[in-house]
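Shown next, in C-alpha cells, is the structure this report addresses.
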Number of protein chains: 2
Amino acid sequence: MPKNCNFIEKLRGVGLRPTKQRINMCEVLFNREKTFHFTINDLVKMISEKMNQKISLATVYNTVHAFEKKGYLKEISIDSHKSYFDTNTSSHHHFFDEDTNELIDCDESDIDKINIRKNIPGKKINSVEVLIRVASDNQNQK
Amino acid sequence: MPKNCNFIEKLRGVGLRPTKQRINMCEVLFNREKTFHFTINDLVKMISEKMNQKISLATVYNTVHAFEKKGYLKEISIDSHKSYFDTNTSSHHHFFDEDTNELIDCDESDIDKINIRKNIPGKKINSVEVLIRVASDNQNQK
DNA sequence: AATCTACATTATAATAATTCTAAACTGTTG
DNA sequence: CAACAGTTTAGAATTATTATAATGTAGATT
Ligand SMILES: [Mn+2]
Ligand SMILES: [Mn+2]
Ligand SMILES: [Zn+2]
Ligand SMILES: [Zn+2]
C-alpha cells in the first residue's frame with residue numbers, strides 16, 4: 001500500500017494542492033490507527049519533528065482551517081482557553097479529564113441516544129454533543 | 001425589599017468586598033427576572049450604561065472571574081472564538097443558534113436524563129452538558 | 001522541458017483578547 | 001480617624017490568531 005499517494009488524492013479531491021507541508025500534515029494527522037485530539041501547539045511540534053525542519057505557524061493555522069472547512073478536522077472547544085481539534089469528524093461525545101486536560105472519545109454505546117423534546121421554530125438541529133467533565137475521585141482517600 | 005443590600009451581603013458572604021463596581025455588576029447580572037447569557041463585551045457595555053461612566057476592562061475581567069470562582073457565574077464555550085458567561089450556574093443544557101449566535105437554555109424537561117454507561121477508572125463525573133447546535137431550516141423554502 | 005499562473009508558504013507585522021503592573025483608591029477593622 | 005489589605009485603574013505586556021507581501025511551487029500550457 002502506497003503512503004503519500006492516498007493523501008495526494010485526498011487533497012486533490014477537495015481542491016487543495018498537495019504541497020509538501022500539507023502531505024506531511026496529513027501523515028501526522030491521518031496516517032495512524034486511531035483518531036486523536038490535538039492543539040495547534042501539539043501539531044506544530046509533531047510536524048516539525050516529522051519534517052526535521054521548521055514549518056511556519058501561519059501555514060499550520062491555514063492548513064488546519066482548510067482541513068476543518070473541508071471536513072477533515074473538527075474543533076472541540078472546552079473553555080475559552082482550551083481548544084482542541086479532532087481527527088474524528090463524526091458527531092460524537094467526549095469525556096474531558098480536568099486533571100490531565102485530556103479529551104477522550106465516547107463510544108456510541110457509552111451513552112443512550114439523546115432525545116430532544118423541544119424544537120426551536122424554523123430551526124433544524126445540526127448537532128447534539130455531550131461533554132462529560134471528569135476529575136480524580138478523592139472522596140475515599142482521606 | 002431593599003435593592004443593594006442583598007448584593008452587599010451576597011458579596012460579603014463569599015469574602016468579596018462590596019465595592020461600587022461589584023455592586024453595579026451584581027445589579028446588572030442578578031437583579032432581573034430570568035438568568036441570561038453574555039459576553040465580556042456585552043457586560044462592559046451594560047455596566048458602563050448603568051453607571052454612566054467608564055469601568056476598567058481589567059475590573060470587568062477580574063470581577064467576572066472572581067464571580068465565576070465563587071460560583072455566581074459559569075462559562076459556556078461554543079468555539080474558540082465564542083465564549084459566553086451564564087448567570088444560570090446550575091448544570092443545564094443549551095441550544096446554540098448558529099445564525100444569531102444566541103445561546104438558549106434547555107429546560108429540564110426538554111431532554112431525557114442522560115445515562116452514561118462507561119466510567120473512567122478513578123475519576124468521578126463533575127458535569128454532563130449537552131450542546132445542541134441549530135440553524136435556520138432552509139430545506140423547504142425553494 | 002521551459003514558461004506561465006494561480007495558489008501556497010514564509011517571515012514578519014498587525015490585531016485582538018486577556019492578563020500583568022504598579023500607583024492610586026477604598027472598604028473594613030480597631 | 002489611622003492603618004491595612006484588598007480593589008480599581010490606565011496602560012503596558014503577553015498570548016493567540018490573522019494579515020501582509022515577497023518568494024516559492026504545483027500543475028497547466030506551450
Ligand atoms: Mn476564564
Ligand atoms: Mn477556528
Ligand atoms: Zn473526539
Ligand atoms: Zn444557560
Side-chain angles (χ1 to χ4, degrees), chain A residues 4-5 7-29 38-45 47-48 50-70 72-73 75-85 101, chain B residues 4-28 38-45 47-48 50-70 72-73 75-85 101:
Chain A
N4 304 3
C5 299
F7 295 129
I8 291 175
E9 284 161 28
K10 178 170 177 156
L11 290 166
R12 284 221 176 92
V14 294
L16 293 175
R17 283 189 181 170
T19 62
K20 178 165 44 99
Q21 290 83 353
R22 283 173 178 165
I23 293 166
N24 273 293
M25 209 172 295
C26 280
E27 284 176 358
V28 167
L29 294 174
F38 62 92
T39 65
I40 295 281
N41 275 347
D42 295 337
L43 186 57
V44 169
K45 279 180 208 135
I47 297 166
S48 300
K50 176 176 177 53
M51 293 177 71
N52 256 86
Q53 65 179 289
K54 298 252 161 300
I55 185 172
S56 168
L57 187 55
T59 299
V60 177
Y61 274 102
N62 287 342
T63 307
V64 164
H65 286 140
F67 285 0
E68 185 185 13
K69 188 186 299 181
K70 297 304 185 179
Y72 292 165
L73 292 175
E75 192 180 12
I76 311 288
S77 182
I78 299 298
D79 70 35
S80 59
H81 306 286
K82 300 194 198 75
S83 181
Y84 296 79
F85 287 89
N101 281 353
Chain B
N4 302 2
C5 298
N6 302 327
F7 295 129
I8 291 174
E9 285 162 27
K10 178 170 176 156
L11 289 166
R12 285 221 177 90
V14 293
L16 292 176
R17 284 189 180 169
T19 61
K20 178 164 44 96
Q21 290 82 353
R22 283 175 178 161
I23 293 166
N24 273 292
M25 209 174 293
C26 279
E27 284 175 357
V28 168
F38 63 91
T39 65
I40 296 281
N41 275 348
D42 295 338
L43 186 57
V44 170
K45 280 181 206 133
I47 297 166
S48 300
K50 173 174 180 54
M51 294 177 70
N52 255 83
Q53 64 179 289
K54 296 253 162 300
I55 184 170
S56 167
L57 187 56
T59 299
V60 177
Y61 274 103
N62 287 342
T63 306
V64 164
H65 286 141
F67 285 0
E68 185 186 11
K69 190 186 297 183
K70 297 304 186 179
Y72 292 167
L73 292 176
E75 190 179 11
I76 310 289
S77 183
I78 299 298
D79 70 35
S80 58
H81 305 286
K82 300 193 198 76
S83 181
Y84 296 80
F85 287 89
N101 281 353

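Every chain is numbered from 1, with letters handed out A, B, ... down the list of sequences.
At D:dT9, one or more side-chain N or O atoms of B:Q21 fall inside 4.0 Å of OP1 or OP2 (strictly under the cut-off). For the pair A:S56 and C:dT9, the criterion of a side-chain N or O lying under 4.0 Å from OP1 or OP2 is not met. Residue B:Y61 has no polar side-chain atom (N or O) positioned under 4.0 Å from OP1 or OP2 of C:dT19. For A:H81 and C:dT19, the shortest distance from a side-chain N or O to OP1 or OP2 is below 4.0 Å.
Whole-Å rounding puts the B:I40 CD1 to C:dA17 P distance at 11 Å. Atom P of nucleotide D:dA12 and atom CG of B:L57 are separated by 15 Å, given to the nearest angstrom. One interatomic measurement links the two molecules: NE2 of B:H65 to P of C:dA17, which rounds to 14 Å at whole-angstrom precision. The CD1-P distance, from A:I23 to C:dC7, rounds to 18 Å in whole Å. Per the geometry, CG belonging to A:N24 stands 11 Å off P belonging to C:dT9, to the nearest Å. Atom CZ in B:F85 sits about 12 Å away from atom C1' in C:dA17, given to the nearest Å. Distance CE (A:M25) to C1' (C:dT9): 11 Å, rounded to an integer number of Å. Look at NZ on B:K82: it is 15 Å from C1' on D:dT17, rounded to the nearest Å.
Across all non-hydrogen atoms, the minimal contact from A:T39 to A:S83 is CG2-O, 3.8 Å.
Applying the side-chain hydrogen bond (donor to acceptor under 3.5 Å, both in side chains) test to residues at least two apart or on different chains, the pairs with a partner in residues 50-59 of chain B are B:E27-B:K50.
Each of B:N41 and A:T63 was matched to the nucleotide of DNA chain C holding its nearest heavy atom; the match closer to the 5' end belongs to A:T63.
Between the side chains of B:E75 and A:S80, a donor-acceptor pair is found at a separation under 3.5 Å.
Below 30°, between 30° and 60°, or above 60°: for B:H65 and A:H81 the angle between ring planes is between 30° and 60°, a tilted geometry.
Expressed to the nearest 0.5 Å, how far SG of A:C26 lies from CD1 of A:I47 amounts to 10.0 Å. One distance of note links CG of B:L16 with CZ of B:F67; it measures 6.5 Å at 0.5 Å rounding.
At a threshold of 4.5 Å between non-hydrogen side-chain atoms, the residues B:T63 and B:Y72 do not count as touching.
Within the 4.0 angstrom heavy-atom criterion, only backbone atoms of the sugar-phosphate kind lie near B:I55; the bases stay farther away.
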TODO: Sugar-phosphate means primed atoms, P, OP1 and OP2; the rest is base. With that split, encode nucleotides 20-30 of chain C 5' to 3' as B, S or - using protein heavy atoms under 4.0 Å.
DONE: B-----BBS--
